[in-house]
Amino acid sequence: MPKGALLFQPSGYPHEIWSNHLRRLLPDLDIRTAEDGARANDIAYCVAWKPKPGALSALKNLAVVFSMGAGVDSIVADPTYPKHVPLSRVVDPTLSQGMTEYVVLNVLYWHRRQHDLTALQNAKKWRQIVTPRAEYIRVGILGFGVLGQAAAFALKPLNYQLSGWSASPKSVEGVRTFHGDAGLQAFLSETDILVCLLPLTPATRGILNARTFASLPTGACVINCARGGHLIEDDMVAALDSNHLRGATLDVFQIEPLPEASPLWTHPKIIVTPHAAAVTDPASFMGHVVRTIQRMDEGLPPENLVDFARGY
Ligand code: NDP
Ligand code: OXD
């Protein structure tokens with residue numbers, strides 16, 4: 001039996017699609033929304049996406065918070081988050097699949113110079129661009145966790161030279177691994193296409209900056225599908241305008257939705273997508289929520305827990 005009610009706390013998300021899956025899986029569960037019970041003391045479970053600061057600390061009998069995203073930066077950044085309440089994030093094969101598709105698409109896009117080919121088509125110019133085979137292209141993944149490793153696994157059969165950078169040491173067959181601040185320069189200096197899949201924490205905020213770009217070889221491309229807070233936008237524009245970087249794909253931004261006035265929308269070397277690299281699948285996510293509630297009923301801890309000391 002669930003220990004109490006479940007509150008949906010997603011800001012900017014229609015919750016019906018999500019709650020309908022939950023109702024089907026656990027018909028007895030009392031499901032509330034922010035409008036009809038945010039402060040109730042009988043709320044034991046909360047499903048959250050970018051909750052307003054203070055919203056979770058107001059729930060005095062919470063047993064667990066489920067982040068609707070793999071990234072928990074907006075929740076962890078709330079200084080009032082009640083840290084004794086476990087925070088469970090999304091680790092889901094459907095999310096990994098979505099991110100893998102996005103990374104493979106964009107690695108191939110920049111490697112095969114599709115940006116330049118499209119420009120040639122628009123100008124009605126017939127000109128072959130011959131690109132090196134994948135075995136000569138070095139793809140470096142900043143953030144070599146669940147999503148970074150899934151992307152590497154999919155890129156491997158295409159023969160790219162792969163490397164990954166993480167906080168702790170890793171050993172993954174067919175991938176050169178680097179870790180910590182000491183490993184960053186060597187990692188960057190051997191990366192032609194940089195993919196950012198880091199969590200946003202105080203240590204990684206602003207990591208895509210002028211210094212990082214200068215450490216990449218001339219002509220490198222950058223794909224940021226992690227968080228907008230990783231990127232210093234002006235530094236990227238400067239590195240593209242000076243031709244040090246060849247191109248960039250950006251899925252995430254400091255301000256979302258990206259304001260109409262942002263120069264990123266129209267920059268000739270930037271591809272913009274609307275935080276759509278990988279979207280949590282409602283049915284799969286709710287399966288995880290229900291399994292966790294059942295686990296907790298049996299006295300077992302929730303899975304995929306965030307470590308508040310690390311911030312991810
Ligand atoms: P994981 O926690 O599984 O992986 C994070 C990786 O980053 C780990 O390898 C970790 O190292 C590394 N890392 C963290 N901090 C540092 C640091 N200071 N220095 C070096 N390495 C560091 O996260 P996921 O792979 O599941 O997700 C990554 C991010 O992707 C999410 O946080 C989210 O922001 C973003 N995301 C974006 C989506 C989109 O649609 N655009 C969709 C889903 C997620 P270690 O392994 O040693 O801990
Ligand atoms: C996530 C996201 O973190 O959608 O899952 O960005």
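Start at 1 and go down the list; that is how both ligands and their atoms are numbered.
- Of all protein heavy atoms, the one closest to atom 26 (O) of ligand 1 is Arg89 NH1, 2.9 Å.
- More than 12 heavy atoms of other shown residues, nucleotides or ligands fall within 6.0 angstrom of atom CZ in Arg138.
- The closest approach between any non-hydrogen atom of Thr204 and ligand 1 is below 4.0 Å.
- Short contacts between ligand 2 and His275, defined as distances under 4.0 Å to a heavy atom of the residue, involve ligand atoms 2 (C), 4 (O), 6 (O).
- The contact set between ligand 1 and Ser168, taken as ligand atoms under 4.0 Å from a residue heavy atom, comprises 45 (P), 47 (O).
- In terms of N/O distances under 3.5 Å, ligand 2 is not approached by Gly69.
- For the ligand labelled ligand 1, residue Gln149 lies outside the 4.0 Å heavy-atom shell.
- Taking only nitrogen or oxygen atoms, main chain and side chain alike, Gly71 reaches within less than 3.5 Å of ligand 2.
- Close approach to His275 involves these atoms of ligand 1, each under 4.0 Å from a residue heavy atom: 39 (C), 40 (O), 41 (N).
- Residue, atom and distance of the protein heavy atom nearest to atom 38 (C) of ligand 1 are Met99 CE, 3.4 Å.
- Looking only at atom types and distance, the side chain of Asp192 has no donor-acceptor partner in the side chain of His111 under 3.5 Å away.
- Aromatic ring centres of Tyr109 and His115: separated by under 6.0 Å.
- Within the 4.0 Å heavy-atom criterion, the part of Asp251 lying near ligand 1 is the side chain and not the backbone.
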Please tabulate, for side-chain N and O atoms in residues 302-309, each donor-acceptor pair with protein atoms closer than 3.5 Å (sequence neighbours left out).
residue: Asp307; atom: OD1; partner: Ala309; partner atom: N; Å: 2.9
residue: Asp307; atom: OD1; partner: Arg310; partner atom: N; Å: 3.3

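- Sorted by first and then second residue, the salt bridge (Lys or Arg N to Asp or Glu O under 4.0 Å) pairs with a member in residues 201-230 read Asp73-Arg227; sequence neighbours excluded.
- Atoms of ligand 2 found under 4.0 Å from any heavy atom of Arg227 (numbered from 1 in listed order, with element): 1 (C), 2 (C), 3 (O), 6 (O).
- Close approach of ligand 1 to Ala226 (heavy-atom distance below 4.0 Å) involves ligand atoms 34 (O), 35 (C), 37 (C).
- Applying the 4.0 Å criterion to heavy atoms of Gly145 picks out, from ligand 1, the atoms 3 (O), 4 (O), 6 (C), 8 (C), 9 (O), 25 (O).
- Atoms of ligand 2 found under 4.0 Å from any heavy atom of Trp49 (numbered from 1 in listed order, with element): 2 (C), 4 (O), 6 (O).
- Residue-ligand proximity: Leu200 is placed with every non-hydrogen atom at 4.0 Å or more from ligand 1.
- In summary, the side chains of Arg112 and Thr131 do present a donor paired with an acceptor at a separation below 3.5 Å, with no hydrogens or angles considered.
- Among Gly71, Pro274, Cys196, Ala276, the residue whose heavy atom lies nearest to atom 31 (C) of ligand 1 is Gly71.
- Counted by atom type alone, Ser189 and Gln185 present zero donor-acceptor pairs between their side chains at under 3.5 Å.
- In this structure, the protein non-hydrogen atom closest to atom 28 (C) of ligand 1 is Leu197 O, 3.3 Å.
- Contacts of Ala203 with ligand 1, taken as heavy-atom pairs under 4.0 Å, involve the side chain alone.
- Listed by number with element, the atoms of ligand 1 under 4.0 angstrom from any heavy atom of Cys225 are 36 (N), 37 (C), 38 (C), 39 (C), 41 (N).
- Ionic pairing of Asp42 and Arg32 is present here: one or more N-O contacts between side-chain nitrogen and carboxylate oxygen are shorter than 4.0 angstrom.
- Contact atoms of ligand 1 toward Arg310: 48 (O) (distance under 4.0 Å to a heavy atom of the residue).
- Between atom 5 (C) of ligand 1 and the options Ser96, Gly143, Pro199, the minimum heavy-atom separation is to Pro199.
- The distance from ligand 1 to the heavy atoms of Lys170 drops below 4.0 Å at these ligand atoms: 45 (P), 46 (O), 47 (O).
- The single protein non-hydrogen atom nearest to atom 48 (O) of ligand 1 is Tyr312 OH, 2.6 Å, given as residue, atom name and distance.
- The shortest N/O to N/O separation between Leu147 and ligand 1 falls below 3.5 Å.
- Contacts of Val252 with ligand 1, taken as heavy-atom pairs under 4.0 Å, involve the side chain alone.
- Under the 3.5 Å distance criterion, with hydrogens and angles disregarded, no donor-acceptor pair is assigned to the side chains of Tyr312 and Thr204.
- Atom 29 (C) of ligand 1 has Leu198 O, 3.7 Å as its closest protein atom, hydrogens excluded (heavy atom only).
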